[in-house]
Amino acid sequence: MEKKLHNTYSKEDSKAFRVGFLVSVILLIAGGFFIHSQQQFDQVDNGKYYTVYARFGRTDGLLAGDLVRLSGVDVGRVIKAELDDNFNAILTLELKDNIKIPDDSSASIVSSGLMGSKYIEIDVGSSEDYIEPGGEFDYTQDAIVLEELLDRIVGIGKANRNKNNNNQGENNE
């Protein structure tokens with residue numbers, strides 16, 4: 001008497017397999033997109049870069065490899081972060097050689113969305129002179145920490161509520 005063994009899966013096993021397969025496909029697509037976007041960045045007109053520096057009080061979440069953008073267009077990347085003697089962050093930025101930045105421009109650390117990655121946005125000045133290779137931005141704006149921003153908003157709301165409550169109490173007297 002020979003008994004046949006059937007490889008059948010329960011509904012839970014089958015569902016887990018489908019979910020795992022779907023997650024794997026999504027990760028492969030995301031990885032392919034990331035690699036493609038990195039290759040697109042690396043393909044520039046002449047492939048040459050120059051280095052400039054930006055000094056910030058805090059960089060919260062900005063890492064080496066993050067992008068530098070000008071008017072929303074990728075023009076470089078952060079290649080190094082270190083501290084100076086006053087514990088300020090000095091970021092080394094690598095910019096495409098064909099991008100000339102006026103010396104009165106500013107560099108800000110911004111986030112792409114509420115929980116998005118950070119990058120440096122360059123706000124172009126109007127000077128006729130440019131930041132030389134090895135030069136430094138004179139004007140920078142530190143990263144805004146989401147928790148601090150929310151605390152400020154809540155604090156303003158509480159202050160306004162207390163002010164309104166005090167004004168109503170005075171009007172009732």
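In this chain, numbering begins with 1 at the start of the sequence shown. Just so it is clear, the model here is predicted, and its values are computed rather than measured.
Of the charged side-chain nitrogens involved, none lies within less than 4.0 Å of a carboxylate oxygen, so that Asp142 and Arg58 do not count as a salt-bridged pair. The residues Asp60 and Lys118 are annotated as not salt-bridged, no charged nitrogen and carboxylate oxygen being separated by less than 4.0 angstrom.
Relative to the six-membered ring of Tyr50, Lys100 meets both conditions, a distance below 6.0 Å and an angle of at most 45° to the axis.
Looking at every heavy atom in both residues, Gly61 comes nearest to Asp66 through O-OD2, 3.9 Å. Ala64 approaches Lys80 most closely through the heavy-atom pair CB-N, 4.3 Å. Taking every heavy atom of both residues into account, Ser127 and Pro102 meet most closely at O-CB, 3.7 Å. Nearest heavy-atom pair across Ser108 and Asp123 is OG-OD2, 3.8 Å.
Contact check for Tyr139 versus Ser105: no side-chain heavy atoms found under the 4.5 Å cut-off. Inter-residue side-chain proximity for Phe56 and Asn88 is flagged as unmet; no heavy-atom pair is nearer than 4.5 Å. Residues Tyr130 and Ile101 have side chains not in contact (no heavy-atom distance under 4.5 Å, counting atoms from C-beta outward). For the pair Val78/Leu62, a side-chain contact is recorded, criterion being any heavy-atom separation below 4.5 Å from C-beta on.
Taking CZ of Phe137 as the reference point, atom CG of Leu93 lies at 6.0 Å (rounded to 0.5 Å). In this structure, CZ on Arg77 lies 9.5 Å from NZ on Lys96, to the nearest 0.5 angstrom. Atom OG in Ser117 sits 9.5 Å away from atom CG in Leu63 (nearest 0.5 Å). Note that CG of Leu70 and CG of Leu95 are 9.0 Å apart. Values are rounded to the nearest 0.5 Å.
One hydrophobic cluster holds both Val124 and Val52 under the rule that ILVMFWY side chains link at heavy-atom gaps under 4.5 Å. Both Ile99 and Ile120 are assigned to one and the same hydrophobic cluster, defined by single-linkage of ILVMFWY side chains at heavy-atom distances under 4.5 Å.
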| task | With side-chain contact (heavy atoms from CB on, under 4.5 Å) as the test, would you mind laying out the steps for Arg55 and Asp84 before giving the verdict? | result | CA-CA 9 Å; Arg55 190 178 309 263; Asp84 68 5; 2.7 Å; yes
